[in-house]
Each structure stands twice: as structure tokens, then as C-alpha cells.
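Single-structure report; data block below.
Just so it is clear, the structure is predicted and the values come from calculations on it, not from any experiment. Numbers here are sequence positions counted from 1.
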Amino acid sequence: SLATRGAIDMKEFTESMEFFQSVRKHCKKSKVVVDLCCGHGFTGMLFAVFVRGKPTFENHKPNRFLSEPYCCIVRLASIQGVDKVMLVDRMRPKSYDAILASVLEVAPWVAEKVEFVTRQLDDVLQDSLARTENGEQSSAPNRTDKSRCDIPPGAAVLSVHACNAA
């Protein structure tokens with residue numbers, strides 16, 4: 001899909017894939033991934049595509065009166081995976097829309113996870129510091145105040161494309 005649309009060149013594709021493969025294991029426990037200075041955003045999108053929630057289960061005995069064969073009922077404990085990817089850059093490049101359309105063609109669940117935020121890096125850092133100093137909760141991942149973009153506690157922060165090429 002990416003090749004058909006000519007959405008991304010091979011160098012950028014390879015760079016994003018290699019970076020994702022190298023760091024994904026370090027981001028497994030983060031529910032939010034923030035890709036700062038993301039450029040085309042493909043690297044961050046890969047987290048939304050491939051770091052999907054995997055259920056973890058635990059043994060559960062809901063009722064002491066159940067007979068022995070039913071005493072080890074398994075219940076869902078949690079789902080660990082990336083719930084939100086915030087792509088942040090000072091401008092949204094033209095290639096972003098074509099890349100996102102290509103990704104959605106093969107991974108439609110990405111639509112509800114990815115958000116592109118047009119914001120200067122200094123402003124993002126100031127928003128996050130202001131929230132921390134005021135003791136506020138993060139406005140991410142379900143942001144209602146679109147004028148702010150703070151990095152939520154526990155987020156995995158990437159910045160592989162911070163090359164000032166946008």
C-alpha cells in the first residue's frame with residue numbers, strides 16, 4: 001500500500017522499521033507513545049500497528065461453593081499494549097496523509113489510536129512541565145484541551161526523525 005501510493009521512500013521506510021524493531025521491546029509497558037519531531041509519523045504509526053494489546057489472564061475463584069472442576073476459572077486481568085500514539089511536529093507534512101491512508105488500509109485499528117498534533121517542541125515541554133508543577137493530571141491520552149499537548153507520565157518518548165527537515 002505504501003509503495004502503490006509512493007507515500008514514503010525506501011530510506012525513510014527502512015529507517016523507521018529498523019528503529020521500531022530496535023526499541024519496541026523497551027516500550028512494551030507504555031500505553032502511550034509520543035513521537036516528538038515525528039516528521040511523516042510512520043515510526044510512531046508502527047507502534048499503533050504492531051504493539052497491540054495482549055490479554056493477560058489470572059486464575060480466579062469467583063465462588064467458594066462451585067464444585068472442584070470449576071474452581072480455576074480464568075479471568076482477564078489486563079490488556080497491555082499501546083492505546084495511543086501522539087505524533088507531534090511543528091507542521092504536518094504532505095506525506096503524512098498518504099502514509100496514514102496506507103497504514104489504515106492494512107491496519108484499520110490504527111485510526112482510533114493515532115493523533116497528529118501540530119505544536120512546537122518547546123511548547124510541548126512547557127505544557128508538560130506546567131502540568132507537573134501544578135500537580136495536574138495529564139491531558140493525554142484522551143485530550144479534550146487541544147491547545148495543550150503534554151507528555152503523560154509513563155509515556156514512551158521517541159524522537160528518531162528530529163532532523164529539522166520538515
Between His40 and Ser95, the two heavy atoms sitting closest are CB-OG, 3.5 Å
### Aromatic ring pairing Phe20/Phe50, orientation class (parallel under 30°, perpendicular over 60°, tilted between)
tilted
Show your reasoning for whether side-chain contact (heavy atoms from CB on, under 4.5 Å) applies to Val33 and Val51.
CA-CA 10 Å; Val33 172; Val51 186; over 6 Å; no
Which of Lys113, Glu112, Lys31 passes side-chain contact (heavy atoms from CB on, under 4.5 Å) with Asp83? Answer is Lys31
Rounded to the nearest 0.5 Å, the OG1 atom of Thr14 sits from the CZ atom of Phe19 at a distance of 15.0 Å
Interatomic distance, SG@Cys38 vs CZ@Phe116, rounded to 0.5 Å, equals 4.0 Å
With a 4.5 Å cut-off on side-chain heavy-atom distances among I, L, V, M, F, W and Y, is there a chain of contacts connecting Val106 to Ile8? no
dist Gln120:CD -> Asp89:CG (nearest 0.5 Å) comes out at 8.5 Å
Here the pair of heavy atoms bringing Ala48 nearest to Val114 is CB-CG2, 3.8 Å
Residues Gly154 and Ser30: closest non-hydrogen pair is O-OG, 3.1 Å
Between Ser16 and Thr43 the two heavy atoms that sit nearest each other are OG-OG1, 2.8 Å
Is the side chain of Ser102 donor-acceptor paired with the backbone N or O of Ser1 at a distance under 3.5 Å, no angle test?
yes
Problem set entry | Phe13 atom CZ, over 12 foreign heavy atoms within 6.0 Å | no
Between the OG atom in Ser22 and the CE atom in Met17, the distance rounded to the nearest 0.5 Å is 11.0 Å
Measuring only between side-chain heavy atoms, which start at C-beta, is Ile151 closer than 4.5 Å to Leu36? yes
Between Met45 and the options Ile99, Asp35, Val85, the side-chain contact (heavy atoms from CB on, under 4.5 Å) test singles out Ile99
Output for pair (Leu158 CG, Met86 CE), nearest 0.5 Å, gives 12.5 Å
